[in-house]
Every structure is written in structure tokens, then in C-alpha cells.
Amino acid sequence: MVNPFDVPTIDALKNYTGLDIKPVIITNTELQRLLRRYYKEAAEKDVLRSIIKEASSVPNSTVKSNEEEVNVEELKQEVESAPLVKLVDFIIWNAINERASDIHVEPEEDRLNIRYRIDGVLHEITNTGRHLHMAVVSRIKILSSLDIAERRLPQDGRFSLQFQNRRVDLRVSCFPTMYGEKVVLRLLEKGSMSYKLENLGLDNDSLKVFRKHIHRPYGMILLTGPTGSGKTTTLYSALMEVKSPKVNVLTVEDPVEYSLSGVFQMQVNPKINLTFATGLRSILRQDPDIIMVGEIRDLETAKMAIRAALTGHLVFYTLHTNDAISTINRLVDMGIEPYLICSILSLAAAQRLVRRICPSCKEAYVPTEEEIDFLGIPTKKGIKLYRGKGCDKCHFTGYFGRISIVEMFEITEEIKHIILSGKIGEEIRRHAVKDGMQSIRDNGMQKVLQGITTIDDVMRVCLENKV
């Protein structure tokens, strides 16, 4: 209460609830903030609840069924009815408003969950009866031109929509599970990305190292990290910096997430045998200067990429390993000779994404001794860290947006000698650290000290990805 001495109100509440009332003082500003937060969330949930109720009333058993045999024509008519269209539209539009990167539609034994991934973390938005599952999934399949009758095999599709003068592309993945199809929609907003290296959040030293290597006339640059770690954004930013009317830039991707001006992009299509290897083989006949390969998945593709780098091209590609140094082991395990790795690989970079502290509610605090020990710094009196208090802008998470933390592993002459000697592993790491390499964890802790992110979020990312 702003006025904890308002006895008539306290007595009225006591009579209404039958409970003893213990007043706690609060400022008017804070009270209004909390009212906006909880009543806004309640209003959104009420809207969604009413739409779900309306959609549940569609009077046909095929919508409420999850059996194998359904009448496809009747199902099409039902999922295109106004309540079900409104439900799927609301789920998508609300996700765009909430800055979600992915929408998860997840069936369980007795319910249907809807979750959004916001700033890299999944949040449950609502759950409802499982009877709406088939209708929601079928509506999404119709939008993305997928086969609504096929529910036993994975399917991939995409569609676009206009939202408040913004074009949004949605990549759709359907995956059969024990209780029905799980659907994930990846939201890609056209025109919202600014592919500049300065916008990635790299520290000055990492940016300097990365720039040095991407401006080389030939060689291979490898980027590693799990799905959703920002590899594509980093590669696109590098391509946009090095492209010019004087060079021919081509890519092989799966999928092509964004169209880049001045870059010629090829979409992999396994159905017609257009793989990374066949696409890369064709690219080499297109007189390229710079090549980007979305992913090295097999020995054939790796050999083609190495051949391209050996013949005077600058090649970017991605690989899935936990850290930058592990890429050496991965290439050797794939069958690439160590001398070839030393000949063409100039830089291996690993990256993850951590959440930025929300600038609107950022506050300083004095860290505990455990936090100072965890940071690995000498105890300094008066040291301050930062965190987000939580506000309307960040939906009370304390975070808004994400930033890269990286590990830049340069292949120096000394490192090449170690690789050729067959001593791959910790010895390489010791020499790389001696040469100035900063691990992903240490790079994250540096951003904690700079007040960009928090210890909790760096550790969340490092523990999830074992780095």
C-alpha cells in the first residue's frame, strides 16, 4: 500500500477475505509498475484463453481427434475456420511482439504446450487440452504448404507474412513424437538485421583478430558452435564486410536464412541430390573468390572445401564442436591429413550467445565473495557488478537482446608444428593461451566485469555447452 495507515481499506479487505491483513509500504511508482505488469499479462492471457475456448467449440470430432485415420478434406475446412485461424495467428503475432526467435508447439499425453524462445531461453506461454493439437498443427502445415495427411515422417517448410509493415519469414519443422507431431517455427524478420561486425558485440582484440583473417586473400576460416549460437549472423557479417564489386562471393547453405545483396547464395536440396558437396563442386566452376559453406558434414565436402582453399580461395565454413581447438580433432577424425589442416586453416573461432542486461532496469550491486572467486580476480574493495532488476521493456527478465562471447584460435607456426607432431589436445591449448587466446568462459567473464551480462547467464551458456 502507498498509504499503510488507510484503516478503512484494510478493514474492508479483512471483512471481504476473512483474513488478517498485514500492510506493506510501497512507492506509488513501483505500485503502478507492478499493476501494469500483472494486468497486462492477465489481459494477454484472457485474450488467449477466450480464443482457445472459441477454437475448442468447433463442432467436429476430427479436430478433436488424434487418430491415424482422418478425413483430410473435412480437416482442411475445419482448420480454416475463423476461431482456429485466429488462434494460430495470435500465437504467431504474439511471438513477434515478444521478440521470440522460435515458437514450440508441443504435444504431451494430456495437453498441448506453447513455448517461445526469447533471448535464447524457452518460456511457457500457455497450455491447453490436447484436443486442439491436430487442428493447430494442420493449420501451420497449410500455411507452409506441407502434407497435412502425413504425420509419420518429419517435414520442413516455410511461409512469410506481413506484420505491422514488417516482413517475417517462418521456417517450419514438423517432428513426429509419441504423442503427435511437435512443430517448431523459426522466426526470421527481414530487414531487422544489420550485418556489421561491430554489432556482434566482439571485444576489440577479438574483432581485430577476426578482421585480420577475413581480409586474407586465401585460406580457411572455421566457425563452430551449437545450433542457435549466432554462427550464421557472424558469417553473414564477415561476407558483407569483404564483398565488393571486385570479388565473386558464393555460398552453399541449408537453409538460406537471409538474402544478402551482392552475394550469390545456393540452397541445398537433398531431394534432387543437391548436397553441400555437389553444390561446392559446382561453385568451383563459377570463378569464385570467396566461398561460404554452411556446414561440413562429411569427408567429401571437407576435401572439396580444402581443395578450394588450397587453390587460392578464401573459404568460410561451420562445424559442430564444443570449442575452437576441438575442430582440429574433428577434422583429423573425419580423415583430413594434419599437413592439409596446417596448410589452409588460419583461424578457428567458437562462439555462444549470452543475454545482455536490460539497459532500462540495469542496476549495480556488490558481488558476494563466491562471485568474486568465481570471476577469478583478486579481491578489490568496492568492485561492482550489474544485473537487471526487471521492467516492462524486458518482460521482467532483467535481460534484453543477446551478445556474442567468443574464442579466437589462431593457427600460428608453433601450433602447426604441434599439429604435425600429432600432439593434439591440451598441449595446443597451452600454447594457444600463451599466445593470447581467451576461452569462451573467460571472454564471458570479461563481459560480466564490463557490466554487459551476468555471471548467471555466462555459466548457463557454458554449462549447457560444456565449455
Side-chain angles (χ1 to χ4, degrees), residues 1-4 22-49 90-104 113-127 164 187 189 192 199 201 228-230 352-372 374-375 382-405 444-465:
M1 301 178 72
V2 175
N3 177 14
K22 180 182 177 182
V24 179
I25 193 168
I26 189 173
T27 66
N28 186 57
T29 302
E30 184 71 3
L31 178 63
Q32 295 303 318
R33 183 181 72 82
L34 293 171
L35 287 173
R36 284 196 306 272
R37 172 188 176 183
Y38 288 108
Y39 278 89
K40 179 189 174 189
E41 290 180 356
E44 288 175 351
K45 288 180 179 178
D46 285 344
V47 170
L48 184 55
R49 205 174 289 120
F90 182 86
I91 290 170
I92 295 172
W93 293 340
N94 190 47
I96 298 170
N97 271 329
E98 298 288 334
R99 301 181 298 107
S101 61
D102 302 87
I103 304 170
H104 289 240
N113 289 334
I114 306 295
R115 295 196 292 172
Y116 294 164
R117 186 177 294 279
I118 303 171
D119 291 335
V121 178
L122 282 168
H123 301 268
E124 184 171 301
I125 302 304
T126 189
N127 60 72
Q164 296 177 351
L187 280 64
E189 188 172 340
S192 67
N199 296 341
S229 61
R352 302 293 187 272
L353 294 176
V354 292
R355 293 179 290 177
R356 286 179 182 267
I357 298 171
C358 175
S360 298
C361 59
K362 185 176 181 179
E363 64 176 8
Y365 74 97
V366 178
T368 63
E369 289 186 10
E370 290 81 3
E371 287 177 317
I372 291 174
F374 196 81
L375 284 168
I383 185 173
K384 289 184 178 180
L385 299 182
Y386 293 86
R387 61 191 173 196
K389 186 178 180 181
C391 64
D392 293 330
K393 186 175 180 181
C394 64
H395 300 288
F396 299 89
T397 62
Y399 299 98
F400 191 91
R402 292 189 288 175
I403 191 171
S404 299
I405 54 174
M445 290 307 171
Q446 179 181 322
K447 287 182 167 59
V448 170
L449 291 170
Q450 292 170 346
I452 297 171
T453 188
T454 64
I455 289 180
D456 290 343
D457 210 56
V458 170
M459 288 317 301
R460 173 186 66 83
V461 170
C462 290
L463 291 174
E464 282 179 3
N465 296 281

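Between E124 and R115, the shortest heavy-atom contact is CA-CG, 3.7 Å. Considering every non-hydrogen atom in both Y386 and A364, the closest pair reads CE2-CB, 3.5 Å. Minimum interatomic distance between A100 and L187 (heavy atoms only, all atoms of both residues): O-CD2, 3.8 Å. Scanning all heavy atoms of the two residues, the minimum distance from C394 to G398 falls at SG-N, 3.3 Å. A pairwise comparison of heavy atoms in K362 and G451 identifies NZ-O, 2.7 Å as the closest pair. Considering all non-hydrogen atoms of both residues, G444 and T453 come closest at O-CG2, 4.2 Å.
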(request) Decide side chain to side chain contact (heavy atoms under 4.5 Å, CB included) for L385 and R387; before the verdict, give the C-alpha distance in whole Å, the side-chain angles of both, and the deciding distance to 0.1 Å. (result) CA-CA 7 Å; L385 299 182; R387 61 191 173 196; over 6 Å; no

(request) Run the numbers on V121 and H123 for side chain to side chain contact (heavy atoms under 4.5 Å, CB included), then give the verdict. (result) CA-CA 7 Å; V121 178; H123 301 268; 4.1 Å; yes

(message) Go through it in stages, so that I can follow the logic: the residues are T454 and V354, the test is side chain to side chain contact (heavy atoms under 4.5 Å, CB included), and I'd like the CA-CA distance, side-chain angles, deciding distance and then a yes or no.
(response) CA-CA 9 Å; T454 64; V354 292; over 6 Å; no

(request) Quick one: do S404 and L353 satisfy side chain to side chain contact (heavy atoms under 4.5 Å, CB included)? Show the steps, please. (result) CA-CA 5 Å; S404 299; L353 294 176; 3.7 Å; yes

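Checked against K447 for a side-chain contact (heavy atoms from CB on, under 4.5 Å), the options I405, I357, D457, V458 give a single hit: I405. A side-chain contact (heavy atoms from CB on, under 4.5 Å) with Y365 is found for exactly one of E371, K384, K389, namely E371.
Here the side chain of K393 pairs no donor or acceptor atom with the backbone of F400 at under 3.5 angstrom. Under the 3.5 Å distance criterion, the side-chain polar atoms of Y116 are left unmatched by any main-chain donor or acceptor of R99. The main-chain N or O of R355 is never found under 3.5 Å from a side-chain atom of D119 such that the two would form a donor-acceptor pair. Panel note: side chain E30, backbone T27; no donor-acceptor pair is recorded below 3.5 Å.
When the shell of 6.0 Å around CD of Q450 is examined, it contains more than 12 heavy atoms from other residues, nucleotides or ligands.
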